[in-house]
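Whatever order the structure lists them in is the order used to number ligands and atoms, beginning at 1. Hydrogens, waters and symmetry mates are skipped; everything else that's a heavy atom, side chains included, is used. Treat the numbers as computed from the prediction; the structure is a model and nothing was measured.
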Amino acid sequence: MRTDAAQIVRLEDYRPSDFLIERVELDFKLHPAATKVTATLSMRPNPAGRSDVPLALDGDEVNLKSVALDGRILEAGEFEARPELLTISQPPQGPFRLTIETEINPTANTRLMGLYRSSGNYCTQCEAEGFRRITYFLDRPDVLAVYTTRIEAELDEAPVLLGNGNPVESGSVAGTSRHYAVWHDPFPKPSYLFAIVGGRLGRVAKPFTTMSGRTVAIAVYVEPGKEDRAGYALDALERSMIWDEKVFGREYDLDVFNIVAVSDFNMGAMENKGLNIFNDKYVLASPETATDTDYANIEAIIAHEYFHNWSGNRVTCRDWFQLCLKEGLTVFRDQEFSSDERSRAVHRIAEVKTLRARQFLEDAGPLAHPVRPSQYREINNFYTATVYEKGAEIVRMLKTLIGDEDFRRGMDLYYDRCDGTAATVEDFLKAFADVTGRDLSHFARWYGQSGTPCVSVHGQYDEAAKTYRLDFKQHTLPTPGQPTKDPMVVPVALGLVAQDGQPMDAECERVDSRGVFVFDKAEDSIAFTGVASRPVPSVFRGFSAPVKVSLDLSNEELLILLRHDTDAFNRWQAAQTVAMRMLVSLSTGTQASDEDMGALSSAFRGFAQSDALRDPAFAALVLTLPSESDIAQEIGKDVDPTAIHHARRTMRQHIGRACFEPLTDFHRSLARAESYSPDAASAGRRALRNAALDLLTAADPQAGEKLASEQFEKAGNMTDRLASLNVLMTIPGTVRENAIASFEERYRNEPLVLDKWFTLQAAIPEDTTLDRVKRLMEHPAFSMNNPNRVRSLIGSFAMLNQVQFNREDGAGYAFLASIVLRADELNPQLASRLLTAFSTWRMMEPMRRGHARRALQSIAQKSNLSRDVGDIVNRSLEESPLL
Ligand code: B3K
Ligand code: ZN
């Protein structure tokens with residue numbers, strides 16, 4: 001493996017490109033095995049770069065046919081071509097045109113970067129460094145050019161030809177069976193936003209009128225015959241366009257906006273200018289094939305990619321260290337959109353659950369890194385929960401600190417100033433500093449310091465003085481490369497609740513009119529006056545900062561918050577905290593007391609009886625216990641996943657028994673005969689009904705099996721069918737196996753539905769599951785070449801099945817290691833993603849830790865690892881400062 005220091009790219013080494021590319025003319029002659037690409041680049045030396053230096057263009061596995069400078073073909077000695085670099089030692093001092101002919105093989109491209117084929121269609125993926133797999137180029141985000149693209153193909157092989165920007169002309173190629181289309185994108189863009197598509201595709205479309213009255217043709221392209229599953233995506237796109245106009249004043253800027261769904265894709269989707277390309281999983285939906293969660297994800301990802309048109313495309317990133325500039329901001333924007341379209345409180349809880357499950361986990365392990373990393377070996381390994389989700393939390397904290405109006409003014413200034421440029425995090429923060437007159441330099445630490453701050457809060461009531469003091473302390477554990485940490489600026493949204501549940505409006509000068517205290521030192525205290533009785537503090541309302549909170553509240557006090565807090569997030573949090581305390585006790589052998597268990601059960605019963613139906617989606621979240629992985633993270637060391645599994649099952653059983661009547665009632669009364677609608681209220685009712693089914697089954701497996709089987713048979717939509725099947729997975733026996741077989745039979749021609757089928761079997765917490773997974777790899781629908789299939793079967797086994805992936809005998813680890821090595825030969829990005837399942841290995845008890853280390857070492861010692869896998873395996877094995 002190559003791990004030499006020279007491969008490390010460092011933020012501090014950034015310098016502007018020595019050359020600029022102003023215009024790019026591309027000509028593609030599509031062919032399955034030998035696509036010819038001619039790139040004509042109008043270039044000039046960059047006044048901000050060095051002069052008299054060679055021109056060095058990036059490449060990756062391209063086959064060079066010819067190079068011409070201002071129309072003259074260069075001879076062998078005038079340039080040097082290597083697969084990864086084309087160098088012209090003496091380029092002109094003024095403007096020049098460079099014409100490069102390359103040949104590429106899209107059919108052989110299993111990495112799914114550059115130009116490749118998916119189900120026979122041609123498509124591209126260029127972010128982060130895929131354009132160099134098409135032609136030699138200055139493949140870096142700060143080189144912005146105007147592109148014109150001509151695509152030519154066999155008419156019957158690729159009747160649809162799409163590019164970035166607006167369509168200019170199209171027609172047949174005289175005397176041949178071929179045709180062509182020309183696209184022009186007037187907005188300067190970096191190469192990572194380039195895309196083309198060619199293939200047989202069906203289309204759904206509608207006109208959209210922008211806020212200034214322009215008409216845009218918006219369209220979604222899918223596999224022919226699947227057009228009836230594209231309607232929801234098109235609708236979500238339209239709603240996103242309206243929302244960005246209304247909330248951020250951002251209008252769309254081209255005559256067309258196209259979305260194409262492809263079945264082989266490394267991630268969710270890609271925001272190429274005017275031509276978003278999507279994993280079909282995030283486009284296609286029908287009630288029969290997609291769950292409520294699928295619908296919500298489609299809405300969020302359609303919005304996310306669309307919003308990139310401003311946050312990412314019109315204003316792009318100077319270098320890849322600034323990735324959070326577009327990703328964190330765009331995640332924040334899509335979260336706000338979903339909150340407005342759905343229920344804000346419920347959405348916030350869902351966001352926080354994801355943040356904790358993925359980003360806090362990342363921060364606690366060997367792959368921890370700052371939101372803006374300072375170095376990387378392989379940039380594709382930095383499209384992480386930290387850059388995306390924590391990046392979004394930073395933007396949200398900024399908004400909390402400066403208020404809604406100033407936030408919007410800052411965003412407007414940022415877009416005004418940076419439109420058409422490649423910007424930095426500093427440019428972003430400066431816009432907000434300038435509109436508010438605030439110094440944001442301390443706040444900026446969130447971008448550079450990794451790790452999750454831990455904040456402890458201690459309250460003290462002075463009965464005589466009628467004052468209440470809250471003491472705050474913060475510290476952050478060391479992370480790789482950062483042994484010591486500084487205090488962060490932590491916005492704490494808070495309030496006081498009386499023991500009888502009433503809100504208290506006590507005075508505190510440190511708390512602003514929005515109810516926010518800015519905690520920016522290692523320790524600080526605030527005091528409330530006029531506090532009539534001992535209050536229960538409700539801190540970090542709405543999860544106002546991405547920190548771990550330790551609060552010295554009793555279970556009784558937390559249960560007061562569950563019943564009465566005005567902040568829905570903290571109501572949910574209170575229930576989670578009490579449940580987590582007990583789950584940790586049960587998992588680590590200190591039995592939770594009957595008294596505690598009884599108190600929680602009766603609180604849940606009270607909640608279920610009096611409150612749950614007011615907001616079923618919220619109730620479903622309250623009644624869902626922390627996951628096994630959350631519990632493992634809370635325990636943090638010497639984790640025994642089997643004990644955790646049993647503890648969680650015991651608690652579900654207790655709660656199911658305590659709430660048996662209301663749960664039975666929910667399951668019965670929330671079943672609606674009406675036709676399916678994916679709206680949030682309907683989805684919430686289904687969520688509560690299915691949460692009830694899960695708890696009922698934990699309490700009484702026999703009765704649960706019967707209810708679940710009935711629901712499985714009669715379900716009128718995928719949400720209910722899959723939820724019942726998931727419940728059946730917890731009960732071994734013929735009923736379960738028959739249901740698995742009938743589901744397979746019913747959906748044998750639906751790859752995206754079979755993915756769900758792979759996932760739920762991979763998650764069965766039984767010793768036979770590993771063999772089942774191996775058997776399923778032989779299933780005709782499974783393919784190592786398709787990322788969705790690999791992730792749904794193997795990724796789910798490694799990430800969702802805590803007990804079986806972390807088997808005591810190490811067989812789960814050995815299996816994953818062997819798959820990572822196989823996948824690495826086909827698709828390094830897919831392989832390195834799977835490998836991140838090992839990021840919790842140091843938390844495990846010694847026996848499992850030993851097995852995991854050996855599995856990782858077995859990967860590390862292989863030669864010819866990709867840079868993607870080499871980087872993750874090395875970082876995973878490095879001695880961590882956490883130990
Ligand atoms: N920008 C793309 C992600 C590209 C990942 C490259 N490894 C999708 C998104 O975040 O919108
Ligand atoms: Zn994005």
Side-chain angles (χ1 to χ4, degrees), residues 9 60 111-114 116 123-133 139-141 164 189-195 233 236-237 240 244 259-262 264-279 281-283 297-317 319-338 354 358-359 371 373 376-392 395 422 787 791 827-836 866-869 871-872:
V9 184
D60 182 4
R111 289 211 232 161
L112 314 186
M113 284 294 279
Y116 67 94
C123 65
T124 54
Q125 170 57 37
C126 291
E127 188 176 1
E129 296 176 337
F131 193 76
R132 61 185 68 181
R133 293 170 58 76
D139 194 11
R140 44 187 288 169
N164 303 106
K189 66 166 175 290
S191 51
Y192 83 84
L193 290 172
F194 171 82
L237 173 61
S240 308
D244 211 16
I259 290 175
V260 181
V262 302
D264 301 84
F265 207 65
N266 273 344
M267 61 262 174
M270 178 64 211
E271 70 264 24
N272 317 297
K273 181 79 186 189
L275 178 56
N276 288 187
I277 298 180
F278 271 65
N279 186 327
K281 171 182 160 103
Y282 296 119
V283 171
N297 286 338
I298 290 169
E299 181 180 76
I301 297 176
I302 292 274
H304 180 97
E305 306 310 332
Y306 173 72
F307 295 156
H308 268 314
N309 190 57
W310 275 95
S311 47
N313 302 5
R314 289 287 289 258
V315 181
T316 194
C317 301
D319 52 68
W320 291 120
F321 297 102
Q322 320 296 327
L323 187 58
C324 63
L325 180 68
K326 73 179 180 82
E327 295 305 348
L329 176 56
T330 305
V331 170
F332 170 76
R333 277 152 54 67
D334 83 55
Q335 290 175 341
E336 284 296 290
F337 167 73
S338 294
T354 314
R358 299 183 49 223
Q359 199 281 322
V371 171
Y376 61 78
R377 283 202 164 87
E378 171 52 62
I379 188 56
N380 282 318
N381 287 338
F382 284 84
Y383 287 76
T384 58
T386 298
V387 170
Y388 277 63
E389 265 80 31
K390 189 173 176 184
V395 178
R791 283 189 289 250
N827 184 339
Q829 276 185 58
L830 178 64
S832 76
R833 269 295 148 119
L834 290 174
L835 184 56
T836 60
S866 66
R867 198 161 60 198
D868 309 60
V869 166
D871 171 44
I872 299 282

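- For atom 7 (N) of ligand 1, the closest non-hydrogen atom of the protein is Asn380 OD1, 2.8 Å.
- Looking at Asn827, its side chain does come within 3.5 Å of a backbone N or O of Leu830 through a donor-acceptor pair.
- When the shell of 6.0 Å around NZ of Lys281 is examined, it contains 12 or fewer heavy atoms from other residues, nucleotides or ligands.
- Judged by distance alone, with hydrogens and angles left aside, the side-chain atoms of Asn266 form no donor-acceptor pair with the main-chain N or O of Gln125 at under 3.5 Å.
- Taking backbone and side-chain atoms together, Glu327 has an N/O/S atom less than 2.8 Å away from the Zn ion (ligand 2).
- Here the angle at the Zn ion (ligand 2) defined by NE2 in His308 and NE2 in His304 stands at 100°, rounded to 10 degrees.
- Residue, atom and distance of the protein heavy atom nearest to atom 10 (O) of ligand 1 are Tyr388 OH, 2.4 Å.
- Counting the atoms of ligand 1 from 1 in the order shown, those under 4.0 Å from a heavy atom of Glu271 are 1 (N), 2 (C), 8 (C), 9 (C), 11 (O).
- Expressed to the nearest 0.5 Å, how far CZ of Arg333 lies from OH of Tyr306 amounts to 8.5 Å.
- Of all the atoms in ligand 1, the ones that sit under 4.0 Å from a non-hydrogen atom of Lys326 are 1 (N).
- The distance criterion of under 3.5 Å between nitrogen or oxygen atoms is not met by Gln125 with respect to ligand 1.
- Using modelled atom types, one finds no donor on one side chain facing an acceptor on the other under 3.5 Å when comparing His304 with Thr330.
- Under a 4.0 Å N-O distance rule, the pair Glu327/Lys390 does not qualify as a salt bridge.
- Using a 4.0 Å cut-off to heavy atoms of Met270, the atoms of ligand 1 that qualify are 1 (N), 2 (C).
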